[in-house]
Amino acid sequence: MRLLLVLLFAASSVFAQGYPAKPVRIIVATAPGGGYDFIGRTIGEKLSQDLGQGFIVENRTGAGSLVGTQAAASAPADGYTILVGGLANMAFNAGLYKDPRYDAIADFKPVALIGSFTYTLVGRKDLGLSSLQDVISFARKNPGKLTIATAGTGTGQHVAAVLLKQLAKLDIVEVPYKGAQPAYTDLLGGRVDLFFDNTTTVKPFIADGRVKPIISSGSKRDVQMPDVPTAREAGLEGLVLDSWIGFFVPAKTPAPIIEKLRDATIKAVQAPDTRKRLESNGWQVISMSPADTEKFVRSEADKWRKFLQQAGIKAE
């Protein structure tokens, strides 16, 4: 048995030396133009240059991010299919759907995490509350008076809002919207009080004074807005939500191929031009060892599945 394992590893190592011998597809389970698509195309372009084969993005949309992720899970484990995986399809979906038809941990192996972004809680510009403690104090004295926009069931914006309400034990009315744009229309028009949104998206509204920042959801302050405190710093322990994205492959992909892909991906991310492109688009570059990456993904998948199920949040 030991000899067989040695021979199999040797064979896969030889195979990895010639990898990639043909174009590699990068499955993005969301529509073109979003964060997953941006990461897939940015890093795929660099891998094409470095490894001498095309890394071609394929947008496989449908049922949230289920269709594309399911397609990646059932693809041959030969290194020629990469999934752009993140908080949504690697953690949230297991809690949102009764049967997503894939297991993020059992069906995939992480190649490398690439970047993350935070959410920022903002209030309408004429809201007479400037800090998290102001919001908490007012909400407790006036239950049901404050409103908070949510941009789609099970999105990061929605989960952040629910976290705020549950952890601070607040009676704040959720106002659901189909996407961030209509939420901003009412926030800027003064018809809704609060909104948790992607920090990069909300930054211009803060810069021109149309909304006021209150807290960030990050594990540390966001470099885009270093003056905005995290929820932890503002006194609300537990409200930490970093949305992360990386590359994943089918679980049985040979280890030498995963290692080659990992090395190339890390090299691509750390290249000065790529890093600048990521950071200018609001991404905080992630640098994590393979062991820590696996541990982190497992922890996130377990944490958010439990949270969504306990909170009763289900996909529409």
Side-chain angles (χ1 to χ4, degrees), residues 20 23-51 53-75 79-93 96 100 102 104 108 110-119 151-152 154-159 178-181 184 197-204 224 241-250 261 264-266 268-271 273-286 297 300 315:
V24 178
R25 67 172 177 163
I26 299 175
I27 292 181
V28 173
T30 58
Y36 285 61
D37 187 69
F38 172 78
I39 291 292
R41 294 181 189 280
T42 299
I43 305 305
E45 180 182 314
K46 200 70 175 177
L47 291 178
S48 295
Q49 296 170 5
D50 292 346
L51 296 179
Q53 285 289 347
F55 280 72
I56 303 165
V57 169
E58 179 182 320
N59 294 92
R60 295 285 296 273
T61 61
S65 56
L66 289 182
V67 171
T69 309
Q70 290 164 355
S74 62
Y80 289 96
T81 298
I82 296 171
L83 173 71
V84 179
L87 184 65
N89 56 346
M90 294 288 106
F92 281 179
N93 280 354
L96 290 171
Y102 70 88
F108 293 99
V111 173
L113 296 183
I114 293 167
S116 67
F117 63 82
T118 65
Y119 296 89
T155 60
Q157 294 98 324
H158 182 204
V159 172
K178 292 185 176 180
Q181 189 55 51
Y184 277 115
D197 195 25
N198 181 327
T199 298
T200 302
T201 305
V202 80
K203 184 180 177 183
Q224 299 179 85
L241 180 60
D242 288 301
S243 192
W244 45 269
I245 291 182
F247 278 177
F248 293 76
V249 291
L261 266 176
T265 300
I266 292 172
V269 172
Q270 295 298 336
D273 57 335
T274 308
R275 192 181 185 101
K276 182 178 179 181
R277 186 177 177 188
L278 291 170
E279 291 176 345
S280 65
N281 279 273
W283 292 92
Q284 300 182 51
V285 172
I286 297 175
V297 172
E300 287 283 280

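Owing to the predicted nature of the structure, the values given are computational and were not obtained by experimental measurement.
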Engineer: Rounded at 0.5 Å granularity, tell me how far CG in Leu83 sits from CZ in Arg60.
Structural biologist: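 If I round to the nearest 0.5 Å, the distance is 11.0 Å.
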Engineer: With Thr200, which residues qualify under side chain to side chain donor-acceptor pair (under 3.5 Å), at least two apart?
Structural biologist: Gln224
Engineer: If you apply the rule side chain to side chain contact (heavy atoms under 4.5 Å, CB included), what do you find for Ile82 with Val111, and how did you get there?
Structural biologist: CA-CA 9 Å; Ile82 296 171; Val111 173; 5.5 Å; no
Engineer: Measuring from atom CG of Asp242 to atom OG1 of Thr118, what distance do you get when rounded to the nearest 0.5 angstrom?
Structural biologist: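 Answer for the CG-OG1 pair, Asp242 versus Thr118, is 7.0 Å.
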Engineer: Sequence neighbours excluded, which residues qualify as side-chain contact (heavy atoms from CB on, under 4.5 Å) partners of Gln53?
Structural biologist: Pro20, Pro23
Engineer: Which residues pass the side-chain contact (heavy atoms from CB on, under 4.5 Å) test with Ser243, not counting sequence neighbours?
Structural biologist: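 Checked Ser243 against side-chain contact (heavy atoms from CB on, under 4.5 Å); matches are Leu87, Phe117, Tyr119.
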Engineer: When you compare the side chain of Leu261 with that of Phe55, does any pair of heavy atoms fall below 4.5 Å?
Structural biologist: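 Result yes, sub-4.5 Å side-chain heavy-atom pair found.
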Engineer: CD of Gln157 to CG of Asp197: how many Å apart, nearest 0.5 Å?
Structural biologist: 4.5 Å
Engineer: Quick one: do Ile39 and Leu278 satisfy side chain to side chain contact (heavy atoms under 4.5 Å, CB included)? Show the steps, please.
Structural biologist: CA-CA 8 Å; Ile39 291 292; Leu278 291 170; 3.7 Å; yes
Engineer: Provide the closest heavy-atom pair for Ala72 versus Pro250 in the form atom of the first, atom of the second, distance.
Structural biologist: O-CG, 3.4 Å
Engineer: Evaluate the side chain to side chain contact (heavy atoms under 4.5 Å, CB included) criterion for residues Phe92 and Thr155: first the C-alpha distance (whole Å), next the side-chain angles of each, then the deciding distance (0.1 Å), finally the verdict.
Structural biologist: CA-CA 8 Å; Phe92 281 179; Thr155 60; over 6 Å; no
Engineer: Counting N and O atoms only, with roles assigned by atom type, does the side chain of Thr274 sit under 3.5 Å from a partner on the main chain of Ala268, one being a donor and the other an acceptor?
Structural biologist: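 Side chain of Thr274 to backbone of Ala268: a pair is present.
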Engineer: For residues Gly40 and Val84, report the shortest heavy-atom separation together with the two atoms involved.
Structural biologist: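 Closest pair (atom of Gly40, atom of Val84, distance): CA-CG2, 3.9 Å.
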Engineer: Which pair of non-hydrogen atoms, one from Thr81 and one from Ile27, has the smallest distance, and what is that distance?
Structural biologist: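 Taking every non-hydrogen atom into account, CG2-CD1, 3.8 Å.
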Engineer: Distance from Asp273 atom CG to Lys46 atom NZ, nearest 0.5 Å?
Structural biologist: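 Nearest 0.5 Å value for the CG-NZ distance: 3.5 Å.
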Engineer: List the residues meeting side chain to side chain donor-acceptor pair (under 3.5 Å) with Gln270, not counting sequence neighbours, and say none if there are none.
Structural biologist: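 For Gln270 the side chain to side chain donor-acceptor pair (under 3.5 Å) partners, ignoring immediate neighbours, are Arg275.
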Engineer: Does the side chain to side chain contact (heavy atoms under 4.5 Å, CB included) test come out yes or no for Phe247 and Ile43, once each step is laid out?
Structural biologist: CA-CA 10 Å; Phe247 278 177; Ile43 305 305; 3.6 Å; yes
Engineer: For a quick test of reading the model, state the closest non-hydrogen atom pair linking Leu51 to Ala264 and the distance between them.
Structural biologist: CD1-CB, 3.9 Å
Engineer: In terms of the angle between their ring planes, are Tyr102 and Phe108 parallel, tilted or perpendicular, with boundaries placed at 30° and 60°?
Structural biologist: perpendicular
Engineer: Using every non-hydrogen atom in the two residues, find where Ala112 and Ile266 come nearest and quote the distance to one decimal.
Structural biologist: CB-CG1, 4.4 Å
Engineer: To the nearest 0.5 Å, what is the distance between CG (Leu113) and OG1 (Thr265)?
Structural biologist: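 Rounded to the nearest 0.5 Å, the CG-OG1 separation comes to 11.0 Å.
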Engineer: How many angstroms lie between atom CD1 of Ile114 and atom OG1 of Thr42, to the nearest 0.5 angstrom?
Structural biologist: 9.0 Å
Engineer: Going by the rule side-chain contact (heavy atoms from CB on, under 4.5 Å), which residues pair with Asn59 if we only count those two or more places apart in sequence or in a different chain?
Structural biologist: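 Checked Asn59 against side-chain contact (heavy atoms from CB on, under 4.5 Å); matches are Val28, Pro32, Asp37, Arg41, Val57.
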Engineer: Determine the minimum heavy-atom distance between Ala75 and Arg25, stating which atoms define it.
Structural biologist: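 Looking at all heavy atoms of both residues, the shortest contact is CB-NH2, 3.7 Å.
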Engineer: Not counting sequence neighbours, which residues clear side chain to side chain donor-acceptor pair (under 3.5 Å) with Gln284? List them please.
Structural biologist: Asp222
